[in-house]
Amino acid sequence: MKPLASKLPATGTTIFSVMSQLAQARDAINLSQGFPDFEPPEALTDRVTHYLKSGRNQYAPMTGVPELRRAIAGKIARTSGVEVDAEAAVTVTSGATEALFCAIHTVVHPGDEVIVFDPAYDSYAPAVRLAGGNTVHLALAAPDYRIDWDALSAALSPRTRLVIINTPHNPTGSILTRADLDRLAAALDAGAPDCYVLSDEVYEHIIFDGETHASVLAHPQLAPRSFAVFSFGKTCHATGWKVGYCVAPPEFTAEVRKIHQYNTFATAAPMQWALADFVRDEPGQYLGLPAFYQRKRDLFAGLLADSQFRPLPCAGTYFQLADYSALLPECGDLDDLAFAKWLTTEKGIAAIPLSPFHQTPPGNRIIRFCFAKRDETLERAGEILCGI
């Protein structure tokens with residue numbers, strides 16, 4: 001038998017798994033992988049218990065529990081002022097990553113080009129490759145990580161099938177404004193009128209300093225050509241449940257569902273029923289997330305004030321980038337991956353390097369911390385970081 005030929009020969013274990021495993025092995029404070037160290041709201045977990053004991057333990061409908069899809073449509077109307085068809089435009093998926101995968105495979109054919117902005121979430125490029133497409137990587141530059149619209153316009157071509165945007169942006173914490181979406185729409189109309197948009201909006205409610213989330217769903221020129229992806233894991237502090245959803249025009253959604261039904265088919269039923277109740281009855285939870293996480297951002301940034309780490313701007317998400325270049329004389333000339341491993345093994349703090357998010361790493365000395373943690377966790381981490 002011939003050796004198995006990998007369809008993803010350049011892909012290894014994700015950096016999130018690598019760093020979390022190292023953190024566990026070293027009993028380090030895990031500020032690497034993006035998950036809270038506190039529990040989901042009790043009102044939500046109580047509803048899960050209720051449905052676990054109420055006969056909601058068999059397959060959910062492939063498209064998602066109707067009550068949850070209606071609750072999602074209601075939430076979108078409340079937050080974005082847009083009416084979406086819960087039956088024909090909303091699909092519940094097993095996490096946002098599955099929604100991203102299904103959307104990419106809906107539109108990308110062999111030889112198509114997909115534009116991504118580096119640093120980019122690491123699931124995009126492998127999904128494009130598996131669909132036979134090619135990624136075109138455009139760099140976002142520190143410290144603000146804004147899109148270079150001239151570079152985007154220059155990269156668009158008749159081969160461009162999809163542009164993937166992410167706002168608020170993981171790993172940098174930058175956001176896109178309505179004016180940015182206007183520029184995206186104008187660039188596509190001029191340079192790639194048949195191109196689609198995939199908008200990763202999983203941190204939609206974690207946005208700071210009085211800014212509001214700009215969704216493609218609320219943009220009249222982009223909405224007809226866009227897939228928007230969201231995550232209850234991020235919104236409800238329940239990343240382990242893996243419940244996300246994709247919202248797209250009905251004709252796009254019909255194609256997404258063809259792929260979804262042969263991927264995961266359906267998502268855990270008790271969680272869907274519980275989320276339907278919670279999203280409908282407790283809107284204050286997601287509406288309160290900006291203030292909840294801004295306080296944690298400010299706490300963590302304040303804890304770093306007396307350290308040699310330099311926090312970069314963070315307009316959204318629950319991630320804080322920090323430049324560690326002031327530490328190089330003490331730590332040796334370590335690249336970000338080596339530094340992240342040193343920080344974990346020698347100092348007991350796990351972080352994420354940025355180089356795995358780039359096709360061509362820029363060589364700067366920046367790592368990512370997750371501040372979705374209890375205050376006491378952040379305070380312990382801050383004490384250690386200030387002592388380096």
Side-chain angles (χ1 to χ4, degrees), residues 7-8 11 14 48 51-52 54-76 84-110 112 114 121-133 161-162 164 196-202 204 216-217 223-236 238-277 279:
K7 297 182 75 172
L8 294 172
T11 301
T14 71
V48 174
Y51 285 115
L52 283 169
S54 301
R56 302 293 189 181
N57 296 298
Q58 307 311 321
Y59 291 124
M62 179 270 289
T63 57
V65 167
E67 287 79 358
L68 178 55
R69 287 187 280 115
R70 287 194 289 268
I72 289 168
K75 184 170 81 71
I76 292 170
V84 299
D85 186 335
E87 175 59 32
V90 180
T91 305
V92 179
T93 59
S94 294
T97 300
E98 193 227 333
L100 294 166
F101 184 91
C102 291
I104 288 168
H105 280 257
T106 294
V107 301
V108 177
H109 296 264
D112 287 341
V114 177
Y121 182 58
D122 66 351
S123 80
Y124 303 155
V128 171
R129 183 182 178 100
L130 288 171
R161 182 75 167 178
L162 181 67
I164 302 178
Y196 300 93
V197 174
L198 173 54
S199 186
D200 180 349
E201 303 182 21
V202 301
E204 57 172 328
V216 294
L217 298 178
R225 65 165 81 206
S226 293
F227 304 77
V229 171
F230 305 89
S231 167
F232 284 119
K234 309 300 187 297
T235 298
C236 297
T239 61
W241 293 8
K242 295 296 292 178
V243 184
Y245 54 100
C246 181
V247 182
E251 62 271 26
F252 296 3
T253 295
E255 296 302 314
V256 166
R257 290 173 176 177
K258 290 178 183 180
I259 297 168
H260 165 66
Q261 70 182 342
Y262 294 117
N263 190 354
T264 64
F265 181 76
T267 300
M271 279 67 175
Q272 290 197 54
W273 284 98
L275 285 164
D277 291 352
V279 171

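- Considering only residues two or more places apart in sequence or on other chains, Thr14 meets the side-chain hydrogen bond (donor to acceptor under 3.5 Å, both in side chains) condition with Ser17.
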Listed pairs under 3.5 Å, donor-acceptor, residues 241-248 side chains, sequence neighbours left out:
residue, atom, partner, partner atom, Å
Tyr245, OH, Lys75, NZ, 3.2

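- The salt bridge (charged side-chain N to carboxylate O under 4.0 Å, His left out) contacts involving residues 121-131 comprise nothing, where partners must be two or more places apart or lie in separate chains.
- Here the CZ-OG1 distance, from Phe265 to Thr93, works out to 14.0 Å after rounding to the nearest 0.5 Å.
- For Gln261, there are no side-chain hydrogen bond (donor to acceptor under 3.5 Å, both in side chains) partners at least two apart in sequence or on another chain.
- Val202 and Ala96 get closest at one heavy-atom pair: CG1-CB, 3.5 Å.
- For Glu98, the side-chain hydrogen bond (donor to acceptor under 3.5 Å, both in side chains) test picks out His260, Thr264, with sequence neighbours left out.
- Other residues, nucleotides and ligands place no more than 12 heavy atoms under 6.0 Å from the CD atom of Gln58.
- A distance-only check finds no donor-acceptor pair linking the side chain of Arg225 to the backbone of Val197 [under 3.5 Å].
- Rounding to the nearest 0.5 Å gives a distance of 8.5 Å between CZ of Phe101 and CD1 of Ile104.
- Taking Tyr51 as the reference, Trp273 meet the ring pair (Phe, Tyr, Trp, His ring centres under 6.0 Å) condition, with sequence neighbours excluded.
- When only modelled atom types and interatomic distance are considered, Thr267 and Ser94 share a side-chain donor-acceptor pair under 3.5 Å.
- The backbone N or O of Ala228 lies less than 3.5 Å from no partner atom in the side chain of Ser226, so there is not a single donor-acceptor pair.
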